[in-house]
Number of protein chains: 2
Amino acid sequence: MRPISPAPRPQLGTPATGMAALAVPDPCAHCDARPVSVCSALEEKDLHRLAALAEVLEVAPGKTFIAEGEKPEHFFNVTGGTARLYKLLPDGRRQITGFARQGHFLGLAVGEANAFSAEALEKVWVCRFSRTRLRQVLDDFPAFERRLLGTAANELVAAQEQMLLLGRKTARERVASFLLAQARPLRPCDAPPGRFHLPMTRTDIADYLGLTIETVSRTMTRLKTEKLIALPSPAEVVLLDRARLESLAGGFEEERF
Amino acid sequence: MRPISPAPRPQLGTPATGMAALAVPDPCAHCDARPVSVCSALEEKDLHRLAALAEVLEVAPGKTFIAEGEKPEHFFNVTGGTARLYKLLPDGRRQITGFARQGHFLGLAVGEANAFSAEALEKVWVCRFSRTRLRQVLDDFPAFERRLLGTAANELVAAQEQMLLLGRKTARERVASFLLAQARPLRPCDAPPGRFHLPMTRTDIADYLGLTIETVSRTMTRLKTEKLIALPSPAEVVLLDRARLESLAGGFEEERF
DNA sequence: CGTTATCTTGACGTACATCAAATGTCGTGG
DNA sequence: CCACGACATTTGATGTACGTCAAGATAACG
């Protein structure tokens, strides 16, 4: 059988439980997520239009701020922290479809129901926008809509890459791909760090890669013994041989000895 | 090891090989793909703007009209036939990320290179647009861009559903999901047919579902012996018990006997 | 420092892959 | 119309990568 993660059923975070609204004066003007967000499509002078709609919220770890199947009322922009996006099967099997970091725009999905749930992995900050009201702003700024289309296209590319991973890569290739993706900086122009922190648990990684925690753990320790990576602690990763990891992740033939 | 399909390396279709330009007067005006395409975002009176850019092409079966890794020069709109969209690993493992049918818009991916290849499964008709020139038309019609965003969002939802399938569903659940998806009509309002034709081979199905042809075949014959489907011929499918197929596809507990 | 959750490691099981061969299916030409 | 070849599909026997079950070992925390 397929693995069933002991993932708890989602508990919806409401403003009363786990989501605190922060009173921030002129939030967009000095938002450090702006350069990596769709918001940068707006000029400085138009920023107040956005700021007027934005509710700045803090989501506590473990709290769900988007629930699969519910009617989507808001758009979100993640300004800090990391969230997991996932879908569940009725028996509890979970597939994490992505992790949302700073700059990630959520809630594009049209239609009657959210296609996935979003849950704070660690403390998360989001800007929340009413769908209907943001819709109006969008109509006034075609550049914003164009930017949104660009991010959607990028996400589509990432989704296709993930399908290749889930459908055709081995556990080793999946873990290598994952680690390299985690090492990718927010802005592509920046150099990727050789050492970084994993905010998610092994269970999250497993549910993202279509594996079990045991397989993830075993694969990581094997990469460690082969000196491709180091693990100062379970959540700290050091990439020791990026070239071989890249070749592994890309699905190149394993070199024989 | 993961399965390696004997998928031939892509051979790029050029106008000289496998892609025939058709001289069609006023192509958009009586295009039967329009109601299900992004083109319907334009009003009748503006349609000539689009028609002026559209090249109507016929792609022969097996010909590639988008090549992964190449610089994207065009957008495509599929007006007839079916194409497979896929990614390859260097050793030939293939993941089909989707099948493009009538109304499917291709080439959204921004960036330097196509994220996937597209190949005609059977004879395919496409409208081809120069990227730069369509870009200009898009600027004049925000409704068109909005519609594009809508389709991108829909594709994203489909991609997430497919990740759930690839990461967490059993072979049985995958095949059931696939058959039900194939039975879905082009316009959601239409009733789904109980009997339909599969334009793709078992190899295509396997590469789409992250399985091997043997597993696909075995799973289909098992569904047949269990009277959930009938297969008058390998490519003809009849859904005999849609309810149980839906429950299987949705990942509900298998009923015990 | 217990207590508890997370991670690692080992022994074993299984769903699906692989290898191999039989059986359609279909277009082509005699 | 039928024989033939090429290829797609089905079916069977066997292998294995990864899942499951079960302890331990670490790390996190009040």
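Throughout, a chain's letter reflects where its sequence line sits, starting with A, and its residues are numbered from 1.
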Contacting residues from residues 175-183 of chain B, given that a heavy atom lies under 4.0 angstrom of DNA chain C: none

Where at least one partner belongs to [range], residue pairs that pass ring pair (Phe, Tyr, Trp, His ring centres under 6.0 Å), sequence neighbours excluded:
| range | answer |
| --- | --- |
| residues 210-231 of chain A | none |
| residues 209-249 of chain B | none |
| residues 231-250 of chain A | none |

Residues in side chain to side chain contact (heavy atoms under 4.5 Å, CB included) contact with [X], at least two apart in sequence or another chain:
| X | answer |
| --- | --- |
| B/Arg195 | B/Pro232, B/Glu236, B/Val238 |
| A/Glu214 | A/Thr212, A/Arg218 |
| A/Pro234 | A/Arg202 |
| B/Ala235 | B/His197, B/Ser233 |

Sugar-phosphate or base contact per nucleotide [nucleotides 4-13 of chain D; S, B, -; heavy atom under 4.0 Å]: -----SBBBB

Difference in axis direction between the ends of the helix from C/dT8-D/dA23 to C/dG30-D/dC1, five pairs, 10°: 40°

Those residues that, when tested against A/Phe105, pass ring pair (Phe, Tyr, Trp, His ring centres under 6.0 Å) (two or more places apart): A/Phe75

Residues in ring pair (Phe, Tyr, Trp, His ring centres under 6.0 Å) contact with B/Phe178, at least two apart in sequence or another chain: B/Tyr208

Whole angstrom value for the distance that separates C1' of D/dG19 from CZ of A/Arg93: 13 Å

Rounded distance in Å - CD (A/Glu236) to C1' (C/dC7): 15 Å

Within-4.5 Å side-chain heavy-atom neighbours: A/Val175 and A/Arg222: no

First encountered from the 5' end of DNA chain C, between B/Ser233 and B/Leu211: B/Leu211

